[in-house]
Structure formats: structure tokens, C-alpha cells
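The chains referred to below are lettered A, B, ... by the order of the sequence lines, with proteins before strands, and numbering in each begins at 1. Every heavy atom of this structure was used, including side-chain atoms; hydrogens, water molecules and symmetry mates were not. All figures in this text were calculated on a predicted structure; none of them were measured in a lab.
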Amino acid sequence: MTNGDDPLRAARLGKLTSLRARGLDPYPVNFPRSDEAAALESRYADLPAGGETGERVRVAGRVLAMRNSGMFIDLHDASGKIQVFNHKDYLDADGLAVLKLIDIGDVIGVEGRVRRTPRGELTINASALTVLAKSLRPLPEKYHGLADIELRYRQRYVDLIVNPESRTTLRRRSALIAALRRHLWARGYVEVETPMLHTIPGGASAKPFITHHNALDIDLYLRIAPELHLKRLLVGGLGDKLFEINRCFRNEGLSPRHNPEFTSLELYEAYVDYTAMMSLTEELIARAAEEVTGGLRIEYGGTVIDLTPPWPRRSMAELVAEATGIDFLALDAGTARAAANEFGAGLSAEAKWGHALEAAFAARVEDRLLQPIHVTGFPRDISPLAKADPHDPRLVERFETYIYGWEIANAFSELNDPQDQRARFAAQMQARAAGDEEAQPLDEDYVAALEFGLPPCGGLGIGIDRLTMLLTDSPSIRDVIAFPTLRPR
RNA sequence: GAGCCCGUAGCUCAGCCGGUAGAGCAUCUGACUUUUAAUCAGGAGGUCUCGGGUUCGAAUCCCGACGGGCUCACCA
């Protein structure tokens with residue numbers, strides 16, 4: 001607890017007062033450093049045990065352990081750890097007095113000479129100690145760290161201080177996103193930003209968050225996808241290759257794989273079709289994996305996954321037929337619905353043929369797709385923004401990439417025929433009228449943009465959070481989001 | 001939204017066939033001093049998540065609330 005009666009806090013407040021009484025500012029404005037811990041470690045990699053250097057350095061970081069009554073301090077900065085040796089041979093009386101006022105958790109600056117102890121630990125013989133931020137709350141136990149899952153998410157700052165694996169995971173997320181950006185930039189993609197606040201929530205099938213703009217006195221929706229705006233920019237020719245890495249918001253349940261706000265990469269490339277998106281997906285994910293894990297064979301939850309391209313391309317109907325013996329392409333809507341319901345799909349009478357195929361796929365195939373695979377031949381009924389398959393009007397040129405049974409990527413040859421698009425929206429509006437809350441509403445302005453001419457293009461979306469989970473072997477999406485959505489306490 | 005499980009000291013955890021709360025780390029006091037989860041001695045720290053109920057007596061059994069985890073549903 002954090003009230004004034006807390007003796008742990010009281011002890012630290014007492015030390016804070018003592019520091020001030022000595023004329024020291026426990027929260028000074030800066031502390032110029034000569035080095036980070038990791039830099040010293042590499043510079044003196046060859047310094048033998050017992051070796052001394054004459055070099056005076058200045059380092060800063062958080063005290064995470066104190067031994068021998070403060071004689072030894074483990075000082076951690078973002079780069080790593082360095083040991084500090086505090087002894088009256090090097091510290092004057094003032095320094096020793098400050099040492100007494102330092103607690104585990106304090107941020108301190110240290111000046112001193114570098115040596116390696118006889119036991120081989122690179123160490124700074126402190127000649128001066130400066131408190132840079134007095135910590136008023138105790139840190140979790142050093143050996144087990146912070147194990148309470150709820151506290152780790154609610155107080156991520158504490159989690160990051162004491163659990164190195166949390167730092168590693170979120171740093172890998174950063175490296176992953178940087179790798180994606182670098183690769184896309186190298187391929188001539190332009191990064192853009194499109195609105196988070198939408199007047200019409202389109203581009204995906206999902207329930208939106210609703211908010212209100214006071215000056216305009218209108219409701220706005222947090223975007224469920226950036227798709228329609230990105231394609232408007234493609235119409236305008238802002239670039240022939242565009243991408244956005246940003247947040248989407250969906251007002252749906254939480255689970256180990258769902259957070260109400262999540263990050264996606266969406267990109268569009270003119271003059272190519274969805275087959276180009278398959279290769280691009282493989283390249284992007286393979287590069288990201290190499291960047292983050294150092295290789296193409298990863299392990300998730302004990303399952304080895306080989307990300308080496310190329311990945312198989314199989315149609316949804318084909319995979320369903322293989323798993324169930326039923327060829328949905330040979331069934332009409334009613335029979336397909338009945339067949340899917342045999343697998344527990346629970347489809348209503350309004351469900352179309354495409355919904356039935358998708359339900360059968362979800363029930364009997366999806367979970368088994370552990371190794372990377374592009375699933376093609378998506379039904380038109382569930383793909384209102386994708387170009388029709390020229391060989392089968394029930395299907396569209398769309399694929400989803402599955403890894404570990406999860407949808408990681410979703411891509412189409414984008415529908416650019418404004419009349420077809422209007423008809424697709426009409427079908428969606430009908431479904432909406434029939435009670436499908438997630439059917440996509442008609443966006444007149446988007447159709448108008450198409451009427452000006454959207455070049456043929458491929459589009460691709462990749463879920464960054466799930467990809468990060470896979471590449472960091474994280475069991476929950478909350479592990480890869482610094483501040484996941486929680487019920488307020 | 002439904003089912004199952006969990007909530008004890010700052011942290012990590014015991015205790016749970018009911019008898020009034022314990023350890024380790026952290027903290028405080030002292031000792032020791034080139035340690036690596038330092039060591040040794042001593043001290044302090046808890047309305048056992050909250051509210052009801054059963055009982056002579058509840059951390060323990062029952063009901064409810066709150067918070068969390070997992071599974072399912074929706075979805076990415």
C-alpha cells in the first residue's frame with residue numbers, strides 16, 4: 001500500500017530528507033555520462049581479472065542490487081549492467097554518507113576508475129556518487145522479479161525494471177517494426193498517415209468504438225482499418241506504393257490474442273495483383289524474423305516453425321475438402337450451410353455460401369495450419385473489397401497467411417471497379433439490414449474516389465502484434481503491447 | 001457474454017479436512033568485509049481483496065461483489 005504509514009516508503013522519505021539536508025538535490029537536472037555499461041564491457045573485454053585501468057568514467061543507471069552493506073552495487077542502464085565498488089579508499093566521507101542514503105531502485109550517477117575484480121567482474125571504483133532520482137517505492141524481489149501477471153501489465157514500468165525478458169520482448173517489437181519500415185523504404189514505399197477518426201467505419205468487418213466531436217457535433221468512429229483512405233491516396237497518386245503502420249480499434253472482446261487497439265501494417269502497390277502480395281508477405285516476415293531472432297526457424301510454444309520462403313499456396317475449398325472430404329465448390333448455399341452446421345458452425349438461414357465455406361474452414365482447418373501457408377480462394381460473400389476471381393464468380397483474388405493457426409496477413413487484388421464496388425456495398429447494406437452488425441456500410445466518397453480511377457493494385461495487411469508474439473515466443477498479446485487494455489482498478 | 005480456476009506482508013510463496021498467520025527476499029538495528037540471490041544475529045511489518053452467512057470460533061466452509069488468468073463465443 002502507498003499511504004503515509006507504509007514504513008518502507010517512510011524510510012526512503014527519510015533518506016530523501018537527509019539528502020536535501022546535506023544540500024544535495026535528489027532530482028538534479030542532468031548527469032553527463034562518458035559511457036554506457038555495455039560500451040565499457042566491450043571496451044575492456046580483454047582486461048584480465050585483477051586488472052586496473054587508469055580511466056575515469058561516468059556512468060548512470062538504476063541500483064538493482066547492493067551487497068556487503070553497499071560495498072558492491074549492481075548498476076543497470078538500458079545497455080546492461082556494471083558493478084560499482086564503494087570503499088573508503090576511493091570515496092571520501094561525503095561519498096560514504098551518500099552511499100548510506102542510497103536504496104535499491106534509486107537512479108544514481110557514478111564517477112570512478114575502471115578495473116576488473118579478481119573474480120572477473122568489470123567494476124568501477126567509485127570516487128563520487130550522485131543520486132539522480134530517489135526512488136520512494138520498493139522494487140519486487142530480485143530473484144523472482146514481478147510474477148503477478150496483472151501487476152506486470154498495470155505497472156509495466158516496474159515489470160520492465162525487474163524482468164529482463166519484458167524488456168527484450170518490447171525491444172524486439174521495436175526491431176521488428178524498424179525492419180519492416182527499412183524493407184519497405186528500400187522497395188520504394190512511401191509511409192503515410194490516414195485518419196484515426198472516421199465518419200464511416202469501413203475497411204473491415206468489425207464493431208467500432210464511437211466517440212463525439214463537440215465542435216462539429218457529430219459522432220465519429222475510431223478506425224477499424226485504414227484501408228479505404230490508403231486506397232484514396234493511391235487514387236491520388238501520392239505514391240504507387242504506400243504503407244501505414246498504425247493502430248486500429250475494434251470494440252470486441254479481449255483474449256490472449258485480441259486487444260481492443262492493435263497495430264497493423266497496411267500497404268498498397270499499384271499495377272500488381274495479390275500474387276505479388278504473397279511474395280512480399282514472405283519477404284517482409286522472413287526479414288523481420290531474421291532481424292528479431294537471427295534466423296528463419298523459430299520456436300513458438302514448443303512448436304518449431306520454419307519461415308523459409310516460399311510458402312505453400314492452397315485454396316480454402318481445397319483445404320476444407322482435404323480435411324472433411326466435402327467439396328464446397330460442388331454445393332449450393334443451402335447444402336453448404338447444412339454441411340458447415342454439421343461441424344458446429346451454427347449458421348443462420350441468412351448465411352450465404354461463402355459464410356458456410358469460411359465456417360467450415362474455421363472449424364476444421366485453421367488450427368492445423370501451424371507452418372506458414374497462404375490460403376487463397378476466399379469467398380466473395382465475405383470479401384466486399386476484393387476483386388472477383390475471373391474463373392469463379394463465387395470467389396475473389398484474396399489470401400490470408402496463416403502461421404501457427406493464426407491469421408497473420410490478409411491481402412487482395414483490390415476491387416477497383418466502382419460499379420462492382422457499389423454493388424458489393426449494396427449487398428453489405430442488405431446484410432446489415434438483416435442484422436449483421438459488422439457488415440460494411442456504404443461509403444459514397446470512397447466509391448466516388450474509385451470513379452476517378454484506382455489503378456489495379458495489390459493490398460496487404462499484417463498484424464504486428466501477433467507477428468511479434470510469434471517472433472518473441474510470447475503467450476499473450478498483452479506481453480507484446482506495453483500498455484494493454486485493462487479494466488480500471 | 002458463459003464455464004472453470006485464482007486473490008495471504010512491498011515482492012515470491014506456504015498455511016486451507018475450521019482453533020485466531022509463517023518463510024525467503026526487501027526493510028530496520030548490529031556484526032563482518034573484495035561480493036555475485038554475499039554471510040551472521042536480532043527487530044519491525046498482515047482488518048489473509050471486499051461484503052454477507054454458517055459456527056462457540058472462519059485465511060480456511062457457503063453466498064455475493066470486485067479484480068485477474070484460462071477456455072469458449074466474436075474477431076486480427
Asks: Given the C1' atoms of B:A14 and B:C48, what is the spacing between them in whole Å?
Replies: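 Straight-line distance between the two C1' atoms is 13 Å.
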Asks: Considering every strand and a 4.0 Å limit on heavy-atom distances, what is the contact class for A:Glu121: base, sugar-phosphate, or nothing?
Replies: base
Asks: What's the NE2-P distance between A:His76 and B:A37, to the nearest Å?
Replies: 12 Å
Asks: Taking only the C1' atom of each, what is the distance from B:C63 to B:A58 in whole angstrom?
Replies: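 Per the computed distance, 14 Å lies between those C1' atoms.
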Asks: Describe the nucleic acid contact of A:Glu438 in one word from base, sugar-phosphate, nothing, applying a heavy-atom distance below 4.0 Å.
Replies: sugar-phosphate
Asks: Roughly how far apart, to the nearest Å, are B:U39 and B:G24 at atom P?
Replies: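 Those two atoms are separated by 12 Å.
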Asks: With a 3.5 angstrom cut-off on both distances, give the Watson-Crick or G-U wobble partner of B:C25, or none if there isn't one.
Replies: B:G10
Asks: Is any side-chain nitrogen or oxygen of A:Lys142 closer than 4.0 Å to OP1 or OP2 of B:C11?
Replies: no
Asks: A:Phe343 has an atom CZ; how far is it from atom C1' of B:C72, in whole Å?
Replies: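 So the two atoms are 20 Å apart, to the nearest Å.
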Asks: Hey, does the side chain of A:Arg154 come within less than 4.0 Å of B:G68's phosphate (OP1/OP2), counting only N and O?
Replies: yes
Asks: Between A:Val375 and A:Glu366, is a side-chain contact (heavy atoms from CB on, under 4.5 Å) present by the stated rule, with each step listed?
Replies: CA-CA 10 Å; A:Val375 178; A:Glu366 212 174 75; over 6 Å; no
Asks: A:Arg9 has an atom CZ; how far is it from atom C1' of B:G10, in whole Å?
Replies: 12 Å
Asks: On the 0 to 90° scale, with breaks at 30° and 60°, tag the A:Tyr300-A:Trp406 ring pair as parallel, tilted or perpendicular.
Replies: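 Ring orientation of A:Tyr300 relative to A:Trp406: perpendicular.
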Asks: In terms of the nearest nucleotide of RNA chain B, which residue is placed more toward the 5' end: A:Lys15 or A:Tyr90?
Replies: A:Lys15
Asks: Given that A:Arg478 and A:Glu141 both sit by RNA chain B, which one's nearest nucleotide is further toward the 5' end?
Replies: A:Glu141
Asks: For B:U34, does OP1 or OP2 lie under 4.0 Å from any side-chain N or O of A:Arg67?
Replies: no
Asks: Are A:Trp406 and the base of B:A76 stacked, counting only ring centres nearer than 5.5 Å and planes tilted under 30°?
Replies: no
Asks: Taking atom P in both B:U47 and B:C11, compute the distance separating them and give it to the nearest angstrom.
Replies: 13 Å
Asks: Describe the nucleic acid contact of A:Ala147 in one word from base, sugar-phosphate, nothing, applying a heavy-atom distance below 4.0 Å.
Replies: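 It contacts sugar-phosphate atoms only.
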Asks: A:Leu64 has an atom CG; how far is it from atom P of B:U36, in whole Å?
Replies: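 Atom CG in A:Leu64 sits about 18 Å away from atom P in B:U36.
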Asks: Scan A:Arg12 against the nucleic acid and name what it touches under 4.0 Å (heavy atoms): base, sugar-phosphate only, or nothing.
Replies: nothing
Asks: Does A:Arg487 make a side-chain N or O approach to OP1 or OP2 of B:G67 shorter than 4.0 Å?
Replies: yes
Asks: When we call it a touch if two heavy atoms are under 4.0 Å apart, what does A:Leu151 touch: a base, just sugar-phosphate, or nothing?
Replies: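 Sugar-phosphate contact only.
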Asks: Does B:C72 have a Watson-Crick or wobble partner in any strand here, with both distances under 3.5 angstrom, and which is it?
Replies: B:G1
Asks: Give a yes or no on whether the ring-centroid distance for A:Tyr274 and A:Phe378 is below 6.0 angstrom.
Replies: no
Asks: Do A:Val84 and A:Ile108 make a side-chain contact, defined as non-hydrogen atoms from C-beta onward lying under 4.5 Å apart?
Replies: no
Asks: Under 4.0 Å between any heavy atoms, over every strand shown, what does A:Glu150 touch: base, sugar-phosphate, or nothing? Just pick one.
Replies: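 It contacts sugar-phosphate atoms only.
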Asks: Of A:Asp465, A:Thr468, A:Thr168, which is the lone residue that meets side-chain hydrogen bond (donor to acceptor under 3.5 Å, both in side chains) with A:Arg173?
Replies: A:Asp465
Asks: Could you check whether A:Asp465 gets within reach of a base, just the sugar-phosphate, or nothing at all, counting any heavy atom under 4.0 Å?
Replies: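 The answer is nothing, as A:Asp465 stays clear of every strand by at least 4.0 Å.
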Asks: If you measure from the P atom in B:G19 to the same atom in B:A37, how many Å do you get, rounded?
Replies: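 About 39 Å, rounded to a whole number of Å.
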Asks: Scan A:Arg115 against the nucleic acid and name what it touches under 4.0 Å (heavy atoms): base, sugar-phosphate only, or nothing.
Replies: base
Asks: Searching all strands shown, indicate the nucleotide that pairs with B:G19 (Watson-Crick or G-U wobble; both distances under 3.5 Å).
Replies: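 The base-pairing partner of B:G19, which may sit in any strand shown, is B:C56.
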Asks: So, under a plain 3.5 Å distance rule, would you say the side chain of A:Ser255 forms a donor-acceptor pair with the base of B:C70?
Replies: no
Asks: Under a 3.5 Å cut-off for both contacts, is B:U39 paired Watson-Crick or G-U wobble with anything, and if yes, with which nucleotide?
Replies: B:A31
Asks: Is A:Arg250 close enough to B:C74 that one of its side-chain N or O atoms is under 4.0 Å from OP1 or OP2 there?
Replies: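 Answer no for this pair, as no side-chain N or O of A:Arg250 is under 4.0 Å from OP1 or OP2.
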Asks: Kindly assign one of parallel, tilted or perpendicular to the pair A:His374 and A:Phe399, based on the angle between their ring planes and the thresholds 30° and 60°.
Replies: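 If you compare the ring of A:His374 with that of A:Phe399, the planes turn out perpendicular.
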Asks: B:C70 C1' sits how many Å from A:Ile477 CD1, rounded?
Replies: 16 Å
Asks: Does the ring centre of A:Phe85 sit less than 6.0 Å away from the ring centre of A:Phe72?
Replies: yes
Asks: Quickly work out the A:Arg247 CZ to B:A76 C1' distance and round it to whole Å.
Replies: 15 Å
Asks: Could you tell me how far apart A:Phe72 (CZ) and B:C32 (P) are, to the nearest whole angstrom?
Replies: 17 Å
Asks: Rounding to an integer number of angstrom, what distance separates B:G64 and B:G46 when you compare their P atoms?
Replies: 32 Å
Asks: Would you classify A:Gly346 as touching base, sugar-phosphate or nothing, given that sugar-phosphate means primed atoms plus P, OP1 and OP2, and contacts are heavy atoms under 4.0 Å?
Replies: nothing
Asks: Using the C1' atom in both, what is the distance from B:A38 to B:A26, to the nearest Å?
Replies: 15 Å
Asks: Regarding A:Thr123, tell me which of base, sugar-phosphate or nothing describes its non-hydrogen contacts under 4.0 Å with the strands shown.
Replies: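 Answer is nothing: A:Thr123 stays at 4.0 Å or more from every strand.
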Asks: Which heavy atom of A:Thr194 sits nearest to which heavy atom of A:Pro226, and what is that distance?
Replies: OG1-CB, 3.6 Å
Asks: Return the value, rounded to whole Å, for the distance between atom CD1 of A:Ile224 and atom P of B:C74.
Replies: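 Taking CD1 of A:Ile224 and P of B:C74, I get 17 Å after rounding.
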Asks: For B:C61 versus B:G3, give the span between their C1' atoms, rounded off to a whole number of Å.
Replies: 23 Å
Asks: Can you see if the side chain of A:Lys88 gets near the phosphate of B:U34 - specifically, an N or O under 4.0 Å from OP1 or OP2?
Replies: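 For B:U34, OP1/OP2 do not have a side-chain N/O of A:Lys88 under 4.0 Å.
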